[in-house]
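All values below come from the heavy atoms of this structure, side chains included, with hydrogens, waters and symmetry mates left out.
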Amino acid sequence: MILGPPRRRDALKNVHDERNAFFSRSLFAVLLLVAGVGLLVARLVDLQLRQHGYFSTRADENRMRVVPVAPVRGLIYDRNGVVLAQNQPAFVLEITPEQVADMPQTLQRLAAIIDIGETDLERFHDRVGKTPRYRGVPLRSNLSMEEVARYEIRRHEFPGVEVTAGLSRNYPLAASGAHIVGYVGGITEQELQQVDEAAYRGINQIGKVGVEKSREDLLRGEPGAKIIEANAFGRPLRELDYRRGYPGRNLILSLDARVQLVAERALGPLTGAIVAIDPASGEVIALVSKPGYDPHYFIEGISSADYKALLDNPQRPLYNRALQGTYPPGSTVKPAMALAGLEYGAAEPAHREFCGGQMSLPGSTRKYRCWKRSGHGWVDMAMGVMRSCDIYFYQLALNLGIDRIHAAMTGFGLGAPTGLDVPLEKGGLFPSREWKQVARRESWYPGETLNVGIGQGFTLTTPVQLAQMTARIAMRGGGYRPHVLRSYEDPITRERVAIEPEPLQRIELKDNRHWATVISAMEEVTHSPSGTAYRIGQGAPYRIASKTGTAQVASLRQDELRAPTLAETPVHLRDHALFIAFAPVEEPRIAIAVIAEHAGGGSAVAAPIARMVMDQYLLGEVQFTGAPAIVPPPPERPAPRTTPRPTP
């Protein structure tokens, strides 16, 4: 036998090693598989058990939506229960920009089924730029039932678009009450940053001016919410829950709507302002600024063209003359000046000054004229007030000096905001030597004291300040801060909360008989045949204490011997007509200030307007049959006046 070469040991298979390797690999694979299954089971347990509540809520959110519900805004009434601001049912087409993929196409398709004008689109785009994208923006308000039906049929085609049933604000007094009641408008992103956003969920409007703005916290209410179930297209299927909000409080104002309307009509074609106050409480009975504007233009958002037209209107209808208009008070300050003279011992009731029609300061040739060029002759304090003699009050101003005049007049509230509970009130100016040094870097001159003494020069006051001054004289130094809100009411419980009047610091005189002295002189203004307002006092069934005034707009040259008549003067150069009064004298119930711009004399124009307002409030009807003496413009425009002229 032939034997071959021996086999090598490492060339033979090692079955034992191979079996061990296979077992190790199989075990690793099984462990890996078990680990994977364990992870899946653990994740499944985590999802199904530990996070069940979270994902259940997420799933519900896919089919359920929380929709904010705007509260009903509170109503506004006058003192007699007449509605000044109310809510009317309305359907609103609303778009949430965040939920709309193609806004231009959506608007185009909506316009095919709903009447959407250029003004609506312009207003909508303006609001979109000022409103957070997650908030709904109104496109059209006051949709008809037919328009709502057309939308509902094709609702699934418009994601992010809703028609909501809501309420639209309405103002029955319209322009007559716009400056005091105010209006609401679309809430902007800037306004949202200034308020608690949670309190405005579902609310698209906010008070912009007037009482609507100043009492927004009471009128707004608290929003509610409803939970609805929706289908895959987001269309509501049913309401699952409703959480009631709370309506806004109803406001009862001190205004008398009938007096407000009479005051507005009494001004006729004139521009101006009227403020009437109850001296015994500070309640504002009427506050008129004319011309006004229709607040309904602003509710949905006024177009740029309409807003520009209001801004460009030379009569400035958006300007609240009663609170923001600053005018020289003219001779309406003379009763307060007389009281200051008595208080500081600078004048006595029986002391007389001679009025020859003009006067000059020692060492000066400048003439300071009386409104009556021929002069009043010898005049005591009562006659000075009754006939509005400028010469008498020039001399009184010199005796007092600017420092004491400033202290006395600011004590009556002139030159500073009254604190009325309506926004945008201006303060005006009652000058002092310190003010002039700071503002103009100049010293105070004696001639300026003369001008201030008759309510001219640098002096600027508002109609509401003059009404407050008149009320304080009527109350013999007492009085309350003017306010419009009388009370507010819970619309559900009907519980009312009255607003307590805020007393002002009393004006104390060394001798309280001085009040009677000046008030008696003011009474003669209206009821004496020599009084400048005797026309409105004739036949009046109540006693009126008053003072006429004229605030110069342009001035006369020093060498001008004859003052031009009203008919010869262009309208824009005519003096402002002013009048203050309170009545009845024995128990004052109304204090009033009237200013008619570029209307001439206070006795001929402003006084009749005030009489009509007082009649309506005190008698319930207008008994005065006279009318303001409105002079038409001259046919030709003469040269303007250029130098100061004292006026009554």
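The backbone N or O of G427 sits less than 3.5 Å from a side-chain atom of Q465, completing a donor-acceptor pair. Q616 places no side-chain N or O within donor-acceptor distance of the main-chain N or O of V262, the cut-off being under 3.5 Å. Put simply, the side chain of T517 gets close to the backbone of R513: a donor and an acceptor are under 3.5 Å apart. Proximity of a side-chain donor or acceptor of T459 to a complementary backbone N or O of P328 within less than 3.5 Å is not detected. Side-chain N or O atoms of H576 include one that pairs as donor or acceptor with a backbone N or O of H598 at under 3.5 Å. Using a distance-only test at 3.5 Å, with no hydrogens or angles considered, a donor-acceptor pair links the side chain of D615 to the main chain of F624. In this structure, the side chain of R472 engages the main chain of G477 through a donor-acceptor pair within 3.5 Å. Without hydrogens or angle criteria, S254 side chain to V284 main chain gives a donor-acceptor distance under 3.5 Å. A donor-acceptor pair is defined here as one N or O able to donate and one able to accept, closer than 3.5 Å; such a pair exists between the side chain of N313 and the backbone of Q315. A distance-only check finds a donor-acceptor pair linking the side chain of S289 to the backbone of Y319 [under 3.5 Å].
By the 4.5 Å heavy-atom criterion applied to side chains, K334 and I454 are counted as neighbours. At a threshold of 4.5 Å between non-hydrogen side-chain atoms, the residues Y534 and V525 do not count as touching. Counting heavy atoms from C-beta on, the side chains of I391 and V379 never come closer than 4.5 Å. Side-chain contact between I590 and I277 is absent, with no heavy atoms from C-beta onward closer than 4.5 Å. For the pair T462/L466, no side-chain contact is recorded, criterion being any heavy-atom separation below 4.5 Å from C-beta on. Looking at heavy atoms from C-beta onward, I595 lies out of side-chain contact with R321 at the 4.5 angstrom threshold. Between F458 and W435, some side-chain heavy-atom pair lies under the 4.5 Å cut-off. At least one side-chain heavy atom of M359 sits under 4.5 Å from a side-chain heavy atom of Q395.
Of the charged side-chain nitrogens involved, at least one lies within less than 4.0 Å of a carboxylate oxygen, so that E191 and K208 count as a salt-bridged pair. Between R215 and D421 there is a salt bridge, since at least one side-chain N of the basic residue sits less than 4.0 Å from a carboxylate O of the acidic one. Looking at E523 and R543, a side-chain N of the basic residue comes within less than 4.0 Å of a carboxylate O on the acidic one, giving a salt bridge. Classification of R433 and D403 as a salt-bridged pair holds, one side-chain N sitting under 4.0 Å from a carboxylate O.
Here the straight-line distance linking atom CD of E502 with atom OG of S281 works out to 13.0 Å at 0.5 Å rounding. L618 contributes atom CG, which lies 9.5 Å from atom CZ of R611 (distance to the nearest 0.5 angstrom). The OG atom of S546 lies 10.5 Å from the CD atom of E524; values are rounded to the nearest 0.5 Å. Taken from OG in S528 to CE in M383, the straight-line distance is 9.0 Å, to the nearest 0.5 Å. We find the CG-CG distance between L485 and L255 to be 10.5 Å, quoted to the nearest 0.5 Å. Between the CD1 atom of I180 and the CG atom of N320 there is a distance of 7.5 Å, given to the nearest 0.5 Å.
Looking at I473, I592, I544 one by one, the single match for side-chain contact (heavy atoms from CB on, under 4.5 Å) with F582 turns out to be I473.
Aromatic ring pairs are classed by plane angle as parallel below 30°, tilted from 30° to 60° and perpendicular above 60°; the pair F298 and Y183 is parallel.
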I would like to know whether R486 and L253 meet side chain to side chain contact (heavy atoms under 4.5 Å, CB included); could you show each step before the answer? CA-CA 5 Å; R486 202 179 199 192; L253 305 186; 5.9 Å; no
Side chain to side chain contact (heavy atoms under 4.5 Å, CB included) for V181 and I76? Distances and angles first, verdict last. CA-CA 8 Å; V181 178; I76 302 177; 4.2 Å; yes
Could you walk me through whether N399 and Y394 pass the side chain to side chain donor-acceptor pair (under 3.5 Å) check? CA-CA 9 Å; N399 294 343; Y394 285 148; over 6 Å; no
Verdict with supporting geometry, L420 and L287, side chain to side chain contact (heavy atoms under 4.5 Å, CB included): CA-CA 11 Å; L420 183 71; L287 191 149; 3.9 Å; yes
Decide yes or no on side chain to side chain donor-acceptor pair (under 3.5 Å) for S603 and T532, but give the supporting numbers first. CA-CA 6 Å; S603 59; T532 54; 5.9 Å; no
Worked verdict on R404 versus E343 for salt bridge (Lys or Arg N to Asp or Glu O under 4.0 Å): CA-CA 10 Å; R404 295 195 293 188; E343 172 65 11; over 6 Å; no
Quick one, H179 with L323, criterion side chain to side chain contact (heavy atoms under 4.5 Å, CB included). Give me CA distance, side-chain angles, the key distance, then yes/no. CA-CA 9 Å; H179 284 290; L323 302 182; over 6 Å; no
Please walk me through it: do H376 and F354 pass ring pair (Phe, Tyr, Trp, His ring centres under 6.0 Å)? CA-CA 8 Å; H376 291 97; F354 182 77; over 10 Å; no
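Heavy atoms from other residues, nucleotides or ligands lying under 6.0 Å from CD of Q538 number more than 12. For E587, the CD atom is loosely surrounded, since the number of other residues' heavy atoms within 6.0 Å does not exceed 12. In Q194, the CD atom is crowded: over 12 heavy atoms of neighbouring residues, nucleotides or ligands sit closer than 6.0 Å. No more than 12 heavy atoms of other residues, nucleotides or ligands shown are found within 6.0 angstrom of CZ on R265. Heavy atoms from other residues, nucleotides or ligands lying under 6.0 Å from NZ of K436 number more than 12. The 12-atom threshold is not exceeded at CD of Q505, counting heavy atoms of other residues, nucleotides or ligands nearer than 6.0 Å.
Residues P295 and A178 approach most closely at CD-CB, 4.0 Å, considering heavy atoms. Taking all atoms of both residues into account, the shortest heavy-atom contact from A397 to G453 is CB-CA, 3.8 Å. The two residues Q260 and A286 come nearest to each other via the heavy atoms OE1-CA, 3.4 Å. Closest approach of I402 and P431 over heavy atoms only: CD1-O, 3.9 Å. Residue L342 comes nearest to P349 through the heavy atom pair CD2-CD, 3.6 Å, listed as atom of the first residue, atom of the second, then distance. A577 and A599 make their closest contact through CB-CB, 4.2 Å (heavy atoms, listed as atom of the first residue, atom of the second, distance).
Judged by distance alone, the side chains of E425 and T418 do bring a donor and an acceptor atom under 3.5 Å apart. Side-chain contact, T550 with W371: no donor N or O sits under 3.5 Å from an acceptor N or O. In this structure, a donor-acceptor pair under 3.5 Å is absent between the side chains of E283 and Y480. T271 and E597 share a donor-acceptor pair across their side chains, judged by distance under 3.5 Å alone. Residues K290 and S176 bring no donor and acceptor atom of their side chains to less than 3.5 Å of each other.
Cation-pi geometry between R589 and Y617 is met: under 6.0 angstrom from the ring centre, within 45 degrees of the axis.
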